[in-house]
Structure formats: C-alpha cells, structure tokens
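Worksheet: the structure to be examined is printed underneath.
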Amino acid sequence: MSNTVIVGTQWGDEGKGKIVDMLAQEAGAIVRFQGGNNAGHTLVVAGEQCILHLIPSGVLHPGKKCLIGNGVVLDPEVFLKEIDGLNAKGIDVSPERMMISKKTQIIMSYHRMMDNCRESVKSDESKIGTTGRGIGPCYEDKMNRIGIRAADLADPELLRAKIVEALIEKNVLFEKLFNVEALDPEKVYQDILPVAERIKPFLGDVSSVIQDVNKAGGMVLFEGAQGIHLDIDHGTYPFVTSSNTVAGNAAAGAGCGPRCLERIIGILKAYTTRVGSGPFATELLDETGETLQANGHEFGATTGRKRRCGWLDLVIIRETARLCDLTEFALTKLDVLSGLKELKICVSYEYRGEKISYPPQEQNGMAFVKPVYESMPGWEEDITGARTYDELPEAAKNYIARIEELSGVKVGIVSVGPDRAQTIVR
Ligand code: GTP
C-alpha cells in the first residue's frame, strides 16, 4: 500500500473525515500534519456520530497508531478533553497508540486571548472569521521563535522561562491596545503544570515512527485539515488559515521526505461551500443555495456556523490539482445534488476582460472574477443506496466524467452518504 495524503480541494468541510476513516483501515499509522483544533471531522460509524477536532480520525480503528505531527498547533486542554471523551466511549487512546511530536507547538491561554482581542478590534470587512482558538497567534509565536513546543512541557524550568519571554510583548498589547488585564506569567505557568503532567506520556518522535511503519511494510496516512484554498500561501489571502494546507506540507509537517508521499487524494465535494468571510465566485444567494445548505446540512462541525453554498468551481479545483499533484479525487456528497433539475459547473473565469482557467494571484483578484458556467442535466433518483458505479444514474456518471475531463484527475472514490458503507470505490 502506498503512503497516502488526504487534502481538501476547496475551502474545507469536504468530508475528509469520512474518507480518512475509511482508508485508516488499511493504514499502519495516521498522522495529522497541520492546523489545530479548528478542524472538525464528523464521523458516522454504525449510525453513531463522533466529532473530532484534533485527534486523527483514524482513532476509531483499534490498534492504529495516531500521530500528531510537528506542523500541528496543539491545545493540550482540548486534546485531553477529546481523549477523555473517547476513552469514555470505550475507545482506547492510550500513549501506546497516540503520540504527539516533541516538536509540536502548544497553544497557550494567551494565544486564545490574543485571537479574541485581535478579532474584536477589526472592522466587519477585515474580520478573517477566525475560530478564536488561538491557532493564528500560536503559529505567529512559532515563526517568531518564541513558541512553546510539546517537549518543553517536560522541562519545567525552560517552560517557565519561555512563558515569561512570550508574555513580554503580549502583555503590553493586552494592556495598552486591547484594554484587558495583563497575564501573570507565574499563574499561566502554574495553570499549565497539571496539564503538562498528563501530556508528558504522549510525547515522542513522530518522524521515526513514520519511518518504522514504512520499514515494516505499513502504510502511513497523512490527514490534512481545512482546504487548499485556505492555504496561507496559495489560498484566497488574507481570508485563509495560518498554515500550509497543500499536500507538500504533509512531509514537512510530519517529519519525512517528499518521496514518502505517494498517493495524493483530493477530497472534492460535489458542490462548493465556504465558512466565514472571503471571495467565493460560484456562491448562490438564491433558493438553490438554500437547497444545498439544507440538504447537505451545511453547518460547521466546530463553530455551528451556516456554510455559504454554491456550484462546483472547477477553476479552483484545477489549481488544487496542480498545487498538490493530485493522483485522484474522492468525490463526496454527490447524493446532495439529487433532485436538482440543472447542475452548473464553473469551467473558467472572466477577469479584467480576459478568460482565465486558473485563479488570479493578486490579492482580492478572486473578488472580481465572474464565473463562466457549463450546464448539465441533473438526476431525480435517490442515490444513497448505490454501492457500485453502475448503479448511479446516467446523469450522475456524466457529471463525474465531466469533472475528470475538466481537471485531468480521475475520480477514484464516490461518496453517496455520511456512513462508511455509503461509498463506491472504482
Ligand atoms: P474539515 O477538516 O473541518 O474540513 O472537515 P471535513 O472535511 O471532515 O468535513 P466535515 O466532517 O466538517 O463535514 C462533512 C459532513 O458531511 C459531515 O457531517 C459528514 O458526515 C458528511 N458527509 C461526508 N460525506 C458525505 C456524503 O457523501 N453525503 C452526505 N450526505 N454527507 C456526507
């Protein structure tokens, strides 16, 4: 089995969780390589729903190693809460199978506080729509080289000194700019100590585990969060997340070389959704948009926010395919399109008087593109019971074929419902 990377091809919420969960059955280890607890994977197993924000979705498979890579920012309290919740459901998440890289950055209370302070002083137009979980400020400290890394939790003196250092500038901002009380470094330190004690047994060398799994002939599954168009460099900047979501970052964020990444699956929702602010060329502000929102239950798993909905945008998908070198798509939520008479696919954009096949690279360029659509007939049939490709209606097969033609990437997996069983592998 080839090492496999899973990425979201759009703006997140494509249903990565379900596909990761499915492929985890064949994996020796599952590793998360970027983002934090702003991800929200919803898994349904035998009718039971389970939402995970931080822990790799593969955790539901007994015995599989679940790894948190160095590219992740980890909120230790959220991590422990998820572990406790899973243990209470009888799912083993002991340190024997769960590991946090010693190099993983730790989200501290002051990161969450900074996130909320920053967003509160922004104008409505410039709000990024962050989830307020401290993820951006934690990545900032990492780049600023004052971040707390997981291994520091096992070194009390270093930890105390680093907290003091990290708060020097922040306390000035809290007091002078945001008019909130400065934090006492000693209190922050004392508060984190019991948490650190519980995190310690999970610390390890994730990079070596990946190598060992491969040496023993096992497959490693790299689980991406969010989507390619939220990538800090390649997304619709500045309405993006604070990490690289592209497939290449699976190597850097997990601790292996690029040749380790063999199969790259892009999770593609059959239509487009976006949470929060930012340009969205194919957004539907009409009844069809509402139908997609209602039929697809498009509410954020983490924030509960209503997702904006629109037609499938092949321009951004084409960009994803080239940025990530996708080897195939897993097409999800095809069932949600059932009942729509006409389906539209955006095949190119009109931008400053020209027709373009890839998104413009200028900031705000995406806000000025006009989608050029192709129209296709929809299908009436309920397809949630289809288990083979041949059982799909002709119109659904044509839709899939057109996606493949327009992107140059084959659709290897088709998902027709939230359950593990509602999946067609071609
Ligand atoms: P992020 O990492 O936050 O982007 O999460 P995600 O990509 O895993 O998506 P999320 O779990 O938030 O949303 C997907 C939702 O769609 C979940 O409620 C899934 O149970 C559901 N889902 C997944 N595949 C299908 C499908 O083929 N059909 C339908 N109807 N629902 C699906």
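Below, all heavy atoms of this structure are taken into account, side chains as well, without hydrogens, waters or symmetry copies.
Taking 4.5 Å as the limit, some side-chain heavy atom of M366 sits within range of a side-chain heavy atom of I316. With a 4.5 Å cut-off on side-chain heavy atoms, W311 and C346 do not count as touching. With contacts defined as side-chain heavy-atom distances shorter than 4.5 Å, the pair T273/Q10 does not qualify. Side-chain contact between I403 and L268: present, with at least one pair of heavy atoms (C-beta onward) separated by less than 4.5 Å. At least one side-chain heavy atom of Y399 sits less than 4.5 Å from a side-chain heavy atom of L334. Side-chain contact check for P359 versus V369: every heavy-atom pair is 4.5 Å or farther apart. Looking at M114 and D141, their side chains never come closer than 4.5 Å, going by heavy atoms from C-beta outward. Taking the side chain as every heavy atom from C-beta outward, C117 and L173 never approach each other to under 4.5 Å.
Every residue two or more places apart in sequence or in another chain that forms a side-chain contact (heavy atoms from CB on, under 4.5 Å) with A151 is listed here: K102. Looking at residues two or more places apart in sequence or on another chain, you find a ring-ring contact (aromatic ring centres under 6.0 Å, His included) between F202 and F79. With sequence neighbours excluded, no residue forms a ring-ring contact (aromatic ring centres under 6.0 Å, His included) with Y351. In this view, A321 and L326, V409 satisfy the side-chain contact (heavy atoms from CB on, under 4.5 Å) rule, not counting sequence neighbours. Every residue meeting the side chain to side chain donor-acceptor pair (under 3.5 Å) condition with S338, not counting sequence neighbours, appears here in chain and number order: W379. By the side chain to side chain donor-acceptor pair (under 3.5 Å) test, S243 pairs with Q34, sequence neighbours left out.
With respect to the salt-bridge test (charged N to carboxylate O, under 4.0 angstrom), the residues K397 and E394 qualify. Comment: K16 engages E14 in a salt bridge, judged by a side-chain N to carboxylate O separation of less than 4.0 angstrom. Between R420 and D21, at least one side-chain nitrogen of the basic residue sits less than 4.0 Å from a carboxylate oxygen of the acidic one, meeting the salt-bridge criterion. Between R133 and D75, no side-chain nitrogen of the basic residue sits less than 4.0 Å from a carboxylate oxygen of the acidic one, so the salt-bridge criterion is not met. With respect to E223 and K64, no salt bridge is recorded, no charged nitrogen being found less than 4.0 Å from a carboxylate O.
To the nearest 0.5 angstrom, T104 atom OG1 is 7.0 Å from I68 atom CD1. Interatomic distance, CE of M376 versus NZ of K344, reported as 14.0 Å (0.5 Å rounding). The structure places CD1 of I192 at 12.0 Å from CD of E197, a figure rounded to the nearest 0.5 Å. One distance of note links OG1 of T4 with CG of L261; it measures 10.0 Å at 0.5 Å rounding. If you take CG on L74 and CD1 on I135, they are separated by 10.5 Å, rounding to the nearest 0.5 Å. With values rounded to the nearest 0.5 angstrom, L54 atom CG is found 6.0 Å from R32 atom CZ.
For CD of E26, the number of neighbouring non-hydrogen atoms (other residues, nucleotides, ligands) closer than 6.0 Å is greater than 12. Atom NZ of K103 sits in a sparse spot, with 12 or fewer heavy atoms from other residues, nucleotides or ligands closer than 6.0 Å. Counting non-hydrogen atoms of other residues, nucleotides and ligands closer than 6.0 Å to OH of Y373 gives a total above 12. By the 6.0 Å contact criterion, OH on Y389 is enclosed, its count of non-hydrogen atoms from other residues, nucleotides or ligands being greater than 12. In Q361, the CD atom is not crowded: 12 or fewer heavy atoms of neighbouring residues, nucleotides or ligands sit closer than 6.0 Å.
Listed by first then second residue, pairs satisfying salt bridge (charged side-chain N to carboxylate O under 4.0 Å, His left out) with a partner in residues 314-343 read R263-E328, E298-K333, E319-R322, not counting sequence neighbours. Sorted by first then second residue, the salt bridge (charged side-chain N to carboxylate O under 4.0 Å, His left out) pairs that include residues 271-287, not counting sequence neighbours, are E283-R308. Sorted by first and then second residue, the salt bridge (charged side-chain N to carboxylate O under 4.0 Å, His left out) pairs involving residues 356-378 (not counting sequence neighbours) are E374-R402. Evaluation of the ring pair (Phe, Tyr, Trp, His ring centres under 6.0 Å) test over residues 257-298, restricted to residues two or more places apart or in two chains, returns W11-F280. A side-chain hydrogen bond (donor to acceptor under 3.5 Å, both in side chains) check over residues 204-214, counting only residues at least two apart or in different chains, returns the pairs N3-N214, D205-S208.
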I would like to know whether E96 and K65 meet side chain to side chain contact (heavy atoms under 4.5 Å, CB included); could you show each step before the answer?
CA-CA 8 Å; E96 279 67 53; K65 282 196 186 319; over 6 Å; no
List the steps, then state whether side chain to side chain contact (heavy atoms under 4.5 Å, CB included) holds for I107 with N37.
CA-CA 10 Å; I107 299 179; N37 52 310; 3.9 Å; yes
Show your reasoning for whether side chain to side chain contact (heavy atoms under 4.5 Å, CB included) applies to C260 and V220.
CA-CA 9 Å; C260 206; V220 177; over 6 Å; no
Check against side chain to side chain contact (heavy atoms under 4.5 Å, CB included), R118 and F178:
CA-CA 8 Å; R118 289 247 180 80; F178 301 119; 4.3 Å; yes
Please lay out, stage by stage, how T384 and D382 fare under the test side-chain hydrogen bond (donor to acceptor under 3.5 Å, both in side chains).
CA-CA 6 Å; T384 54; D382 173 0; 2.7 Å; yes
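Of the possible donor and acceptor atoms, one in the side chain of R307 sits under 3.5 Å from a partner among the backbone N and O of F299. Remark: the backbone N or O of M22 is paired with a side-chain donor or acceptor of Q25 at under 3.5 angstrom. At least one donor-acceptor pair under 3.5 Å links the side chain of T327 to the backbone N or O of I264.
For E404 against V411, the heavy-atom pair with the smallest separation is OE2-N, 2.6 Å. The nearest pair of heavy atoms linking P56 to C66 is CG-CB, 4.0 Å. Contact detail for L52 and E82: the closest heavy-atom pair is C-OE2, 3.8 Å. Nearest heavy-atom pair across G147 and D152 is O-OD2, 4.1 Å. Between V188 and M108, the shortest heavy-atom contact is CG1-CE, 4.0 Å. Heavy atoms only, all atoms of each residue included: T9 and I267 are closest at OG1-O, 2.8 Å.
A donor and an acceptor atom, one from each side chain of S415 and K18, are located under 3.5 Å apart. Using modelled atom types and a 3.5 Å distance limit, the side chains of S94 and D92 yield a donor-acceptor pair.
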Throw together a table of side-chain donor-acceptor distances under 3.5 angstrom for residues 247-254, partners on residues two or more places apart or in other chains.
from: N249; atom 1: ND2; to: N244; atom 2: O; distance (Å): 2.8

